[in-house]
Amino acid sequence: MNKKLKNIASKPGTMRSNGDYEWHFSTFGGVTRVNVSTGEDIAHLRELDQKLWTVLSCPAAGLEMDPETLSIVDLDKDGNIHVNEVLKTVDWLKTVLTNLDPLVDKSPALKLSAIRTDTPQGSLLHSCALQLLKNKAEHCPEASLEDLTLGDVSDREAIFAGTKFNGDGVIIPESADDEGLRKLIEECMSTVGSVKDRSGKDGIDSAKLDAFYAAAAALNTWKKADTEDLYAYGADTAAALDACNALKSKVADFFMRCSLAKFNPDSTAVLDVTAAQIGGISEKDLSASAAEIAAYPIARVNPEGKLDYDSINPAWQAAFSKFKSLVLDKEFPQAKAITEDQWKTCSAKLDAYAAHISSKKGCETESLGYDRVETIVSENRKAELEALIAQDLSLSKEMEAIQELRKLLILHRDFYKLLRNYVTFSDFYCTDDGAAIFQAGTLYIDQRSCDLCIRVSDMGKQATMAGHSGMYLIYCDCVARHSNAKMTIVAVMTDGEVNNLKVGVNAIFYDRQGNDYDATVVKIIDNPISVRQAFWAPYRKMGSFIEDQINKIAAKQDSKVMTEATAKISAAGDKAAAPAQEAPKQASAFDVSKFAGIFAMIGMALGSIGTFLASALATLTSLGWMQLIATILGIILVISGPSMVMAWLKLRKRNLAPILNANGWAVNSSVIVNVRFGQKLTSVAKVPVFVGNDPFADKKMPAWKKALIWTGVGVVLAVGIYFLLPKDIRPFWPKEECVVESVESVNGDTEVVVEETSAEK
């Protein structure tokens with residue numbers, strides 16, 4: 001629950017919020033914001049009313065800040081950094097640092113003395129940091145034992161190089177002092193695999209150790225069941241089984257064919273390979289048709305059901321000969337053929353061996369040899385290796401402290417920068433200290449550079465929110481030249497003219513790392529950039545409208561002329577192709593009466609225009625000098641005034657917050673970009689007034705001709721102005737005189753008659 005603000009201040013520009021801490025305030029962008037400039041300010045952030053925070057939430061990705069920093073502060077990993085997560089990070093920093101001033105001092109190194117030793121978390125980090133600095137000093141004697149940098153905890157392999165135990169539960173051969181245990185670790189890695197130790201070397205963990213001894217025990221048990229009675233054909237039993245398996249399906253197919261031939265002798269020819277089948281491939285390269293030949297029966301099918309040694313399919317001859325030499329010659333030395341029962345007798349003798357082979361387990365350790373496996377199982381030194389793993393794990397807390405120490409050093413580097421873009425927007429308004437974390441880079445377009453460029457994460461939200469910003473916005477699709485990486489940005493144009501800015505214009509965008517992108521304008525939201533631009537805007541719009549209309553009329557007339565010309569040319573061709581005897585039609589005479597109405601309408605239009613111009617000229621000539629100037633200024637004010645007033649109102653309210661809100665921010669106050677600040681965000685190219693002689697400039701007019709033209713223009717203007725002046729103030733114009741005559745009437749009254757005459761009269 002937010003407490004009511006306590007407006008108690010000991011001096012101007014200070015105020016207490018939800019506690020007794022006295023906050024200092026400054027004005028940025030027309031909005032008064034709290035200052036967060038010292039470690040004490042950071043330590044008391046929990047006492048700052050959330051209504052005074054500039055931001056209540058921001059994305060944890062897509063910002064110009066180390067993603068690891070944003071991930072550290074995003075405690076719940078929901079992709080957004082909320083106020084409570086910032087406050088919890090501050091609370092953790094207070095438990096490990098003596099004070100929070102090191103966050104503000106911008107030093108690349110953290111002093112060892114800045115880490116607390118009076119809290120469990122701080123003491124653990126202090127011990128870990130001290131040990132790292134000592135290890136560093138052993139390799140680099142000139143290294144400081146007080147300054148700890150992020151690089152000291154970033155190279156994991158360098159930190160743990162040469163260590164036997166490092167708390168990750170992985171042991172390496174060097175972890176054992178006994179040569180036998182070292183050999184066991186190496187044999188385990190070579191058979192069941194290895195895992196990486198923190199030192200970067202290969203080792204084993206509990207899972208690998210369990211798998212190794214389980215495989216060795218299984219293989220040893222299987223080997224003990226490997227008796228001589230399983231080997232029906234002695235040393236050739238394994239080869240005999242392989243030969244039998246190679247022929248098994250083909251021989252079974254043969255005897256089934258023979259059974260069908262016995263069932264129906266007339267089907268023998270169909271079941272056997274026919275001469276037609278062989279004839280079909282006889283024209284081919286038979287050496288390349290082995291697969292097709294192998295599809296034929298293994299031997300000639302016969303109703304007697306005998307597999308004759310002399311009728312073996314050539315494609316199966318080698319495999320059958322191998323089986324015959326290993327098995328059949330031993331079982332049936334004098335036989336020239338075998339029956340199905342004889343085949344089954346031979347294969348049955350191999351079944352026991354086949355079942356034994358299929359039950360084999362622990363093959364991973366077979367490469368060590370059966371004798372070595374038996375020794376490993378009988379010695380059973382697994383408990384000793386487990387003790388080494390337990391010894392390594394006992395250091396896990398100390399080693400995990402390195403990760404916490406890395407977290408501390410990352411926050412030491414970046415946390416204050418995050419606060420300057422979260423609690424306040426000082427990085428945005430104080431441009432000398434660097435750009436804000438939402439500024440993606442610089443867009444160069446139309447002789448300008450725009451520094452206020454923001455990545456667009458959702459164009460749909462931008463379309464809804466961006467119009468409320470009151471800014472001139474340029475949306476660009478950007479593609480990296482070398483990596484083909486793509487992004488969409490919105491650039492805020494805050495200075496210069498916009499005549500040449502149109503959808504489709506190409507530009508160049510540089511991100512904060514200096515990588516260049518090809519940018520193309522895809523959308524523009526038009527808003528005033530300056531009052532000066534707003535003054536000329538109506539005239540430009542009117543000029544653009546007139547130009548468009550002229551272009552349309554010219555295009556229409558051009559199309560009409562081309563159509564008529566094409567029609568006439570086509571008609572002339574048709575006429576030339578017509579029979580000569582046809583007499584050409586005589587052109588009809590021009591009838592003026594048909595066009596009388598048109599001429600009358602044109603005359604009326606010209607008369608109306610002339611009447612209007614004459615009336616306007618008469619009105620202007622009837623005015624005095626001051627009235628004439630006031631009238632012209634009034635006309636200009638009527639045309640440009642509304643545009644300038646609207647521009648002035650919008651420029652005072654240009655607000656970046658809607659654009660950031662569309663990008664996932666929860667901005668808690670206005671982010672005003674006034675005219676003066678906008679001129680720092682957009683830089684316009686400047687060139688000297690005089691460059692030099694242009695070799696390609698248009699040829700200059702002779703001086704006498706220029707003088708003659710300007711003299712003529714001056715005379716015309718002078719005459720025009722002379723006749724526009726009222727007659728009574730024209731110089732050299734004859735003055736009018738009045739003659740007064742008195743006539744006495746009959747009744748004695750006097751009547752005055754005034755007669756106006758010119759001076760000539």
Side-chain angles (χ1 to χ4, degrees), residues 222-223 225-282 284-361 363 366:
W222 177 84
K223 184 60 179 175
D226 192 30
T227 58
E228 291 184 2
D229 59 329
L230 296 173
Y231 294 83
Y233 299 101
D236 295 332
T237 303
L241 178 62
D242 292 339
C244 179
N245 290 335
L247 295 170
K248 185 176 290 185
S249 62
K250 200 66 181 178
V251 171
D253 172 77
F254 170 80
F255 284 119
M256 179 58 70
R257 290 173 182 267
C258 291
S259 297
L260 289 173
K262 182 178 180 180
F263 174 74
N264 183 2
D266 294 337
S267 65
T268 302
V270 178
L271 296 169
D272 197 10
V273 60
T274 64
Q277 288 177 299
I278 296 175
I281 64 171
S282 62
K284 300 180 182 179
D285 181 1
L286 296 183
S287 62
S289 303
E292 190 172 353
I293 296 172
Y296 300 156
I298 193 171
R300 298 302 302 274
V301 177
N302 56 85
E304 293 79 15
K306 290 185 178 182
L307 197 158
D308 191 350
Y309 295 171
D310 295 331
S311 66
I312 300 298
N313 185 329
W316 292 95
Q317 185 64 57
F320 185 81
S321 297
K322 183 177 181 180
F323 180 74
K324 178 177 176 294
S325 64
L326 293 172
V327 177
L328 298 179
D329 288 347
K330 295 177 181 178
E331 294 289 342
F332 314 106
Q334 303 301 322
K336 299 296 183 181
I338 60 170
T339 64
E340 185 175 7
D341 291 339
Q342 290 173 324
W343 166 264
K344 289 180 178 180
T345 299
C346 296
S347 61
K349 288 186 176 182
L350 295 170
D351 288 343
Y353 178 75
H356 175 66
I357 292 298
S358 64
S359 66
K360 186 177 183 180
K361 295 181 180 179
C363 299
E366 190 174 13

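Scanning for side-chain hydrogen bond (donor to acceptor under 3.5 Å, both in side chains) contacts around Asp341 gives an empty result, with sequence neighbours left out. Residues satisfying the side-chain hydrogen bond (donor to acceptor under 3.5 Å, both in side chains) test with Asn264, not counting sequence neighbours, are none. For Tyr353, there are no side-chain hydrogen bond (donor to acceptor under 3.5 Å, both in side chains) partners two or more places apart in sequence or in a different chain. Partners of Ser259 according to the side-chain hydrogen bond (donor to acceptor under 3.5 Å, both in side chains) rule, which considers only residues two or more places apart in sequence or in another chain, do not exist here.
Remark: side-chain polar atoms of Thr274 are paired, donor with acceptor, to backbone N or O of Gln277 under 3.5 angstrom. Counting only distance, with no hydrogens or angles, the side chain of Asn245 and the backbone of Leu241 share a donor-acceptor pair below 3.5 Å. Judged purely by atom type and a 3.5 angstrom limit, Trp222 uses its side chain to pair as donor or acceptor with the backbone of His356.
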Under 3.5 Å donor-acceptor pairs involving side-chain atoms of residues 329-338, not counting sequence neighbours:
unit_1 : atom_1 : unit_2 : atom_2 : d
Asp329 : OD1    : Lys324 : NZ     : 3.0
Lys330 : NZ     : Asp236 : OD2    : 3.2
Glu331 : OE1    : Lys349 : NZ     : 3.1
Glu331 : OE2    : Tyr233 : OH     : 3.0
Glu331 : OE2    : Lys349 : NZ     : 2.7

Please report, to 0.1 Å, the donor-acceptor pairs under 3.5 Å made by any side chain of residues 301-315, with sequence neighbours excluded.
unit_1 : atom_1 : unit_2 : atom_2 : d
Asn302 : OD1    : Glu304 : N      : 3.3
Asn302 : OD1    : Gly305 : N      : 2.9
Asn302 : OD1    : Lys306 : N      : 3.1
Asn302 : ND2    : Arg300 : O      : 3.2
Asn302 : ND2    : Lys306 : O      : 2.8
Asp308 : OD1    : Asp310 : N      : 3.1
Ser311 : OG     : Asp308 : O      : 3.3
Asn313 : OD1    : Ala315 : N      : 3.0
Asn313 : ND2    : Ile293 : O      : 2.9
Asn313 : ND2    : Tyr296 : O      : 3.4
Asn313 : ND2    : Pro297 : O      : 3.1

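The ring of Phe323 has its center closer than 6.0 angstrom to the ring center of Trp343.
The distance from the CG atom of Asp242 to the OG1 atom of Thr237 is 11.0 Å, given to the nearest 0.5 Å. Rounded to the nearest 0.5 Å, atoms SG (Cys346) and CG (Asp351) are 11.5 Å apart.
Across all non-hydrogen atoms, the minimal contact from Lys250 to Trp316 is CE-NE1, 3.5 Å. Considering every non-hydrogen atom in both Ala240 and Leu350, the closest pair reads O-CD1, 3.8 Å.
Other residues, nucleotides and ligands contribute only 12 or fewer heavy atoms inside 6.0 Å of the NZ atom of Lys262.
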